[in-house]
Protein chains: 2
Amino acid sequence: MGISERKEREKLQMRQLVLAAATEMFIQEGYDRTSIRNIAEKIEYSPATIYLYFKDKTEILEAIMEQGFGILNQEFAKILHLEDPMERLKGMADRYLHFAHDFPEYYDLMFIMKTPVENVVEQDDWDCGHQAYITLFETVQACQEAGKLKIEDPHAASLMLWSILHGMVSLHIRKRLIFFPETQLDAIVHHCASEMVRLIAV
Amino acid sequence: MGISERKEREKLQMRQLVLAAATEMFIQEGYDRTSIRNIAEKIEYSPATIYLYFKDKTEILEAIMEQGFGILNQEFAKILHLEDPMERLKGMADRYLHFAHDFPEYYDLMFIMKTPVENVVEQDDWDCGHQAYITLFETVQACQEAGKLKIEDPHAASLMLWSILHGMVSLHIRKRLIFFPETQLDAIVHHCASEMVRLIAV
DNA sequence: TAAAATTACTGAACGGTGTTTATTTTGCAA
DNA sequence: TTGCAAAATAAACACCGTTCAGTAATTTTA
């Protein structure tokens with residue numbers, strides 16, 4: 001049955017075509033300013049065609065979110081080889097900030113944007129997000145077991161670290177730090193991140 | 001000229017009517033799900049009428065944001081009488097969390113939502129937001145001058161505190177903490193906040 | 001190979017959005 | 001009462017996400 005296989009391949013290719021166009025436009029223009037009609041025009045198909053490959057606009061968003069978490073988890077993977085758990089922690093914070101800096105629109109979709117409905121909870125869309133958190137949690141746990149942390153509860157410590165990074169990044173992305181000198185902002189943010197790691201260290 | 005005065009009063013009243021309706025709907029349904037047509041219907045006027053009192057939808061948003069900062073600054077004012085700057089700091093964190101908890105939609109508009117354009121920067125809309133930050137900054141500065149802080153740069157310390165609070169709150173509001181047990185989340189968040197204050201304290 | 005059936009695609013529509021403009025209604029002054 | 005300025009609006013514009021009936025292309029069947 002070579003034909004049905006080819007059909008399936010073509011179907012996947014078409015989905016990929018939509019996804020590639022959507023990704024580029026979401027990343028460049030943002031989710032809201034990218035319409036289904038725009039995407040359709042870009043790939044030279046009718047808007048209705050897109051709905052043969054995606055249930056709705058949010059399903060495209062979810063696929064792109066997964067891509068984003070793929071990149072982030074890949075970044076995290078780069079520092080997992082470090083022996084010292086505290087070094088891993090520092091590395092993760094660094095990678096997180098760089099990811100947000102390099103892909104602010106990905107970051108927006110993944111962490112700031114309003115969840116389409118309630119569904120992200122039930123769906124496994126957020127599983128890759130959970131995976132990223134688990135990586136952080138396990139690193140924190142390792143630090144704690146090595147007696148390097150001042151916080152006993154590893155969940156609390158993880159949340160603190162994540163929150164301070166997300167807090168700074170999202171305030172920056174959403175332009176709420178306009179009274180900080182733009183030129184020094186990146187330096188301040190990185191300074192705060194390393195200070196935070198220093199503070200929770202024994 | 002009593003007439004022109006009355007006219008002006010009426011004009012302000014009408015603006016207030018729109019604002020009150022919009023506030024209720026934004027707070028209840030969110031900014032995106034509230035349309036100009038909905039607001040118009042609620043106050044029993046034509047949609048076009050609203051544009052006689054507000055330039056566009058974002059101008060309504062800005063007015064409501066100011067209200068929100070009014071509430072928040074009022075909350076902050078309640079703890080300014082405390083002598084010990086560290087107590088003031090703890091109090092501010094507490095008030096911040098409670099504000100976010102009680103008015104999540106206000107919080108969304110003020111700190112999470114996408115800035116309409118670039119204009120928030122130049123406009124003085126964000127001035128009341130700046131005011132809230134200054135209150136935090138001055139409190140941090142007082143703590144620092146009292147030799148109570150481990151962080152030298154008061155801007156860095158302020159940003160750290162604000163970020164950890166905003167990080168937790170915004171991740172919560174935008175449903176990114178779904179793998180934390182819902183029932184304990186509030187407790188964890190408050191725990192993290194007080195731990196943070198403890199960590200930066202000498 | 002011709003007809004039938006499945007599949008892929010699309011034009012046009014539906015009901016919604018923010019916003020503008022030409023027109024009508026209203027309230028006051030002369 | 002008439003004239004005029006201000007206030008309100010109906011209708012339109014240009015979008016949006018989404019659906020569906022219908023067309024075109026392709027594969028299967030006879």
Side-chain angles (χ1 to χ4, degrees), chain A residues 1-19 21-23 25-26 28-65 109 113-117 119, chain B residues 1-19 21-23 25-26 28-65 109 113-120:
Chain A
M1 273 299 165
I3 289 174
S4 68
E5 280 170 14
R6 193 209 64 205
K7 282 271 173 87
E8 199 158 327
R9 226 183 315 128
E10 282 176 353
K11 193 139 192 163
L12 229 92
Q13 258 177 350
M14 187 65 184
R15 205 184 140 96
Q16 203 50 45
L17 182 68
V18 174
L19 209 54
T23 302
M25 299 176 81
F26 283 9
Q28 203 145 69
E29 293 292 323
Y31 180 76
D32 294 328
R33 277 194 295 278
T34 302
S35 71
I36 298 289
R37 283 173 171 85
N38 296 155
I39 300 171
E41 199 180 352
K42 180 164 184 138
I43 61 175
E44 297 178 298
Y45 278 85
S46 135
T49 302
I50 290 179
Y51 287 88
L52 300 175
Y53 300 92
F54 291 91
K55 187 172 109 302
D56 53 26
K57 199 183 175 187
T58 76
E59 196 172 292
I60 305 178
L61 174 66
E62 283 157 17
I64 294 179
M65 265 182 56
L109 306 183
M113 176 162 286
K114 229 167 197 156
T115 302
V117 241
N119 62 353
Chain B
M1 273 295 166
I3 289 174
S4 69
E5 281 171 13
R6 195 210 60 203
K7 283 273 175 83
E8 198 156 328
R9 226 182 315 128
E10 283 176 352
K11 193 138 193 165
L12 229 92
Q13 258 178 350
M14 186 65 184
R15 205 182 140 96
Q16 202 51 46
L17 181 68
V18 174
L19 210 52
T23 301
M25 300 176 80
F26 283 10
Q28 203 146 68
E29 293 292 322
Y31 180 76
D32 293 328
R33 277 193 296 279
T34 303
S35 71
I36 298 289
R37 283 172 173 85
N38 296 155
I39 300 172
E41 200 180 351
K42 179 162 185 138
I43 60 175
E44 297 177 299
Y45 277 86
S46 132
T49 302
I50 290 178
Y51 287 88
L52 300 177
Y53 300 92
F54 291 92
K55 189 172 105 306
D56 53 25
K57 199 183 175 187
T58 76
E59 196 172 292
I60 304 178
L61 174 67
E62 284 158 17
I64 293 179
M65 266 182 55
L109 306 183
M113 177 162 284
K114 227 165 198 156
T115 303
V117 244
E118 311 289 308
N119 62 353
V120 163

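In what follows, every chain begins at residue 1, and chains take the letters A, B, ... in the order their sequences are listed. Just so you know, these numbers come straight off a predicted model, no measurement behind them.
- The interatomic distance linking A:Ile50 (CD1) with D:dT19 (P) rounds to 13 Å, in whole Å.
- You'll find the side chain of A:Leu52 stays beyond 4.5 Å of the side chain of A:Lys11, heavy atoms only.
- B:Tyr53 comes within contact range of the sugar-phosphate backbone alone, with a heavy-atom separation under 4.0 Å but no base atom that close.
- For B:Asn38, no side-chain nitrogen or oxygen approaches OP1 or OP2 of C:dG16 to under 4.0 Å.
- If you measure from atom CD of A:Glu59 to atom P of D:dT18, you get 11 Å, rounded to the nearest angstrom.
- Protein atom CD1 of A:Ile60 is 8 Å distant from nucleotide atom P of D:dT18, rounded to whole Å.
- Here A:Gln16 pairs with A:Leu19 under the side chain to side chain contact (heavy atoms under 4.5 Å, CB included) rule; sequence neighbours left out.
- Note: CG (B:Leu17) to P (D:dA7) measures 15 Å, nearest angstrom.
- Side-chain nitrogen and oxygen atoms of A:Ser46 include none within less than 4.0 Å of the OP1 or OP2 phosphate oxygen of C:dG11.
- As a whole-Å value, the separation of B:Tyr45 OH from C:dT25 C1' is 13 Å.
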Is there any protein nitrogen or oxygen under 3.5 Å from a nitrogen or oxygen in nucleotides 19-23 of chain C, and what are the pairs?
unit_1 : atom_1 : unit_2  : atom_2 : d
C:dT19 : OP2    : B:Tyr51 : OH     : 2.7
C:dT19 : OP2    : B:Lys57 : N      : 2.9
C:dT19 : O5'    : B:Tyr51 : OH     : 3.2

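- For the pair A:Ser35 (side chain) and A:Asn38 (backbone), a donor-acceptor distance under 3.5 Å is present.
- Taking the centre and axis of the six-membered ring of B:Tyr31, the NZ or CZ atom of B:Lys57 falls inside the cone set by 45° and 6.0 Å.
- Put simply, CD1 on B:Ile43 is 15 Å from P on D:dA7, counting in whole angstrom units.
- Using a 4.0 Å heavy-atom cutoff across all strands shown, A:Thr49 reaches at least one base atom of the nucleic acid.
- With axes fitted over five pairs at each extremity, the angle between the ends of the helix from C:dT1-D:dA30 to C:dA30-D:dT1 is 40° (10° resolution).
- Looking only at side-chain heavy atoms (C-beta outward), B:Phe26 and B:Ile39 come within less than 4.5 Å of each other.
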Enumerate donor-acceptor pairs with a distance under 3.5 Å from any side-chain N or O in residues 41-50 of chain B to protein atoms, sequence neighbours excluded.
unit_1  : atom_1 : unit_2  : atom_2 : d
B:Lys42 : NZ     : B:Glu24 : OE2    : 3.0
B:Ser46 : OG     : B:Ala48 : N      : 3.1
B:Thr49 : OG1    : B:Ser46 : O      : 3.4

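- Partners of A:Arg15 under the salt bridge (charged side-chain N to carboxylate O under 4.0 Å, His left out) rule, at least two apart in sequence or in another chain, are A:Glu59.
- Remark: B:Thr23 pairs with B:Gln67 by the side-chain hydrogen bond (donor to acceptor under 3.5 Å, both in side chains) rule, at least two apart or across chains.
- Remark: P of D:dC16 and CD of A:Glu29 are 12 Å apart, rounded to the nearest angstrom.
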